[in-house]
A.B. asks: 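Please see the structure below; I have some questions.
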There are 2 protein chains.
Amino acid sequence: MLRLTKRSEYGLMALAFMAQSGQSYTSVREIVAKLRIPRRLLAEVLKDLSRAEIVEAVRGPGGGYRLTSPADQLSLARIVEILEGSVAVAKCADGSSCDLSPSCTIQEGINLVAQRVKSVLDDFTLAQLADRGPQGSQSVHEVAV
Amino acid sequence: MLRLTKRSEYGLMALAFMAQSGQSYTSVREIVAKLRIPRRLLAEVLKDLSRAEIVEAVRGPGGGYRLTSPADQLSLARIVEILEGSVAVAKCADGSSCDLSPSCTIQEGINLVAQRVKSVLDDFTLAQLADRGPQGSQSVHEVAV
DNA sequence: TGAATGGGCACTAAATAGATGCTATATTCT
DNA sequence: AGAATATAGCATCTATTTAGTGCCCATTCA
Ligand code: SF4
Ligand code: SF4
């Protein structure tokens, strides 16, 4: 339906939160306290992001997650790709095979569209996303030091 | 999942086919003969496009569907909007309300992304799509006269 | 009249997405 | 050591959306 999943949205919210917060480690509990999203689901999402090394996790009291790289070097495409597999507008647009492919007359065109949509996500960074949030006055990637 | 539905793809294929074929009326039967897609589903799709006056329908022998406007004046956004409701990358991006909206920190940013994705679809015409298909050598919108 | 062709509705099936439970493991603090 | 805090892993269940189909009616034309 050309729509981002909740997983992506939750992930982006959490990452934006981390980018803004400035603190070193942020726990799921903290994030859930601010944003009103299902705790367990957010945990799943962050775990995936941790596996993909988008964030670094530390357990135990005072632990939580932390971005592994500056927010302005993290594209939405990357995040969405991790959280929902790929950003392909059509099945054939990310290498997957489609049984209609042989007789499909619009494949080439659709792929061009897919490519353009992809670049939109590629060009949008987490920093840009966070900069537009509530606390998004100061440059996020400057603060995160 | 940021992916077009089959409805959209089938619709686009059919419209591209009509744009290329040059003949005045094209029946579901004809389209299905070329493209290997479920007949009944395509019929549903074309009916919706007919309701939206993207195509004009004529019943009876020799009847079928015909584009109501030149292929280069029909954007993918328009078609997708008709076939799947809207092209919003996020729920809130098309006016719909989202219960997370009050506490959502990324709404503004996401809307910007949504807007950009929308313009990709807005700027891509059926003619462009059809021009890249199998028979897409000559300019589609010139032929359709 | 009969064949071709779209129109309308309702329904089933499959795929995706959303959400949660439970237990294990690591870390810190007392 | 033991309690408290946090993430890790896995399985599962439910809800929503998408895909696909059946059946009959209306229109047009030869
Ligand atoms: S564009 Fe054609 S080939 Fe690519 S996924 Fe859609 S149908 Fe399959
Ligand atoms: S962006 Fe925020 S408000 Fe908009 S749909 Fe996603 S969650 Fe709801």
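In the text below, chain A, chain B and the rest are named by the order of the sequence lines, each starting its count at 1. None of the values given here were measured: they were computed from a predicted structure.
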A.B. asks: Rounded off to whole Å, could you give me the CG-to-P distance for the A/Leu4 and C/dG18 pair?
C.D. replies: 10 Å
A.B. asks: Please determine, for the side chain of B/Arg51, which listed nucleotide (C/dG8, C/dA19, D/dA8) has the closest atom?
C.D. replies: C/dG8
A.B. asks: Separation of A/Glu44 atom CD from D/dC10 atom P, in whole Å?
C.D. replies: 10 Å
A.B. asks: Does D/dT5 have OP1 or OP2 sitting under 4.0 Å from an N or O in the side chain of A/Ser27?
C.D. replies: no
A.B. asks: C/dG6, D/dG20, D/dA19: which one has an atom nearest the side-chain heavy atoms of B/Pro38?
C.D. replies: D/dG20
A.B. asks: What's the closest nucleotide to the side chain of A/Pro61 if the choices are D/dA4, D/dT7, D/dC10?
C.D. replies: D/dA4
A.B. asks: Assign A/Arg29 to base, sugar-phosphate, or nothing according to its heavy-atom contacts below 4.0 angstrom with the strands shown.
C.D. replies: sugar-phosphate
A.B. asks: Could you check how far CE of A/Met13 sits from P of C/dG18, rounded to whole Å?
C.D. replies: 11 Å
A.B. asks: Could you tell me how far apart B/Lys47 (NZ) and C/dA10 (C1') are, to the nearest whole angstrom?
C.D. replies: 11 Å
A.B. asks: On DNA chain D, compare the nucleotides closest to B/Arg39 and A/Val28; which residue's is nearer the 5' end?
C.D. replies: A/Val28
A.B. asks: Output yes when A/Arg7 and A/Asp48 qualify as a salt bridge under the 4.0 Å nitrogen-oxygen rule, no when they do not.
C.D. replies: yes
A.B. asks: Looking only at the side chain of B/Met1 (C-beta and beyond, no hydrogens), which of the listed nucleotides D/dC10, C/dA17, D/dT5 gets closest?
C.D. replies: C/dA17
A.B. asks: On DNA chain C, compare the nucleotides closest to B/Glu30 and A/Gly60; which residue's is nearer the 5' end?
C.D. replies: B/Glu30
A.B. asks: To the nearest Å, give me how far apart CG (B/Leu2) and C1' (C/dT16) are.
C.D. replies: 15 Å
A.B. asks: Base, sugar-phosphate, or nothing for A/Tyr10, non-hydrogen atoms under 4.0 angstrom?
C.D. replies: sugar-phosphate
A.B. asks: So, is A/Ser50 close to the D/dA8 phosphate, meaning a side-chain N or O under 4.0 Å from OP1 or OP2?
C.D. replies: yes
A.B. asks: Looking only at side-chain atoms of B/Tyr65, point me to the closest of C/dG6, D/dA6, C/dT20.
C.D. replies: C/dG6
A.B. asks: A/Gly63 or B/Glu84: which one's nearest nucleotide on DNA chain D is closer to the 5' end?
C.D. replies: A/Gly63
A.B. asks: Do the side-chain N and O atoms of A/Thr125 and A/Gln73 include a donor-acceptor pair separated by under 3.5 angstrom?
C.D. replies: no
A.B. asks: Measure from CZ on B/Arg66 to P on C/dG6 and round the result to the nearest Å.
C.D. replies: 14 Å
A.B. asks: Is the shortest distance from a Lys or Arg side-chain nitrogen in B/Glu44 or B/Lys47 to a carboxylate oxygen in the other one below 4.0 Å?
C.D. replies: yes
A.B. asks: Does one side chain, of B/Thr5 or B/Glu84, offer a donor that lies under 3.5 Å from an acceptor on the other?
C.D. replies: yes
A.B. asks: Mapping A/Lys6 and A/Arg59 to their closest nucleotides on DNA chain C, which lands nearer the 5' end?
C.D. replies: A/Lys6
A.B. asks: Quickly work out the A/Leu41 CG to D/dA15 P distance and round it to whole Å.
C.D. replies: 16 Å
A.B. asks: When you check the side-chain N and O atoms of A/Ser101 and A/Gln107, is any donor under 3.5 Å from an acceptor?
C.D. replies: yes
A.B. asks: Less than 4.5 Å apart, side chain to side chain, heavy atoms only: is that true for A/Leu2 and B/Arg3?
C.D. replies: no
A.B. asks: Once you round it to whole Å, what is the distance between P of D/dT16 and CZ of A/Arg3?
C.D. replies: 14 Å
